[in-house]
Amino acid sequence: LTNPGELERESREQVNCVRQYAFFVMEGSIYFYRILRPERATVSIVKYPDGCWRRRELKIIKNGKPSEATERAVALWLESHCISV
């Protein structure tokens, strides 16, 4: 999700607050990704002071807890891109 419009749409569809982070996304200190499988979710990654990118949150609609399958799938995807979980 790369612009305020996409963040607004994600916020509306997932009933979450990602739209409030538009400034930080544009600044490059946090990123959000739309997850479609195994279930619909939103994941955020943040650049930590040590320079490493790490997963911050992974939530389904209304900030719910994702399934184990979604947790595993996202962890594998992030690890394949050298992002810590």
Starting at [atom1] of [X], measure out to [atom2] of [Y] and round the result to the nearest 0.5 Å.
X: T70; Y: K65; atom1: OG1; atom2: NZ; answer: 10.5 Å
X: I45; Y: H81; atom1: CD1; atom2: NE2; answer: 10.0 Å
X: N3; Y: E8; atom1: CG; atom2: CD; answer: 11.0 Å

Are side-chain heavy atoms of [X] and [Y] found at a separation under 4.5 Å?
X: P38; Y: R72; answer: no
X: Q14; Y: R40; answer: yes
X: F32; Y: V43; answer: no

Would you say [X] and [Y] are hydrophobically clustered, going by side-chain heavy atoms of ILVMFWY under 4.5 Å?
X: L7; Y: V15; value: no
X: W77; Y: I83; value: yes
X: L78; Y: L76; value: no
X: V46; Y: V18; value: yes
X: Y33; Y: I60; value: no

- Item | Electrostatic pair E71:R55 at N-O distance under 4.0 angstrom | yes
- Presence of salt bridge, R19 and E6, under 4.0 angstrom: no
How far apart are the closest heavy atoms of [X] and [Y], and which atoms are they?
X: K59; Y: P66; result: CA-CD, 4.5 Å
X: E13; Y: I61; result: O-CD1, 3.6 Å
X: E10; Y: N16; result: O-OD1, 4.0 Å

So, the side chain of [X] versus the backbone of [Y]: is there a donor-acceptor pair under 3.5 Å, distance only?
X: T42; Y: R34; value: no
X: S44; Y: E57; value: yes
X: E39; Y: S67; value: yes

- Query: Is the count of non-hydrogen atoms from other residues, nucleotides or ligands lying under 6.0 Å from E27 atom CD greater than 12?
  - Reply: yes
- Ring centroid separation W53 to Y48 under 6.0 Å: no
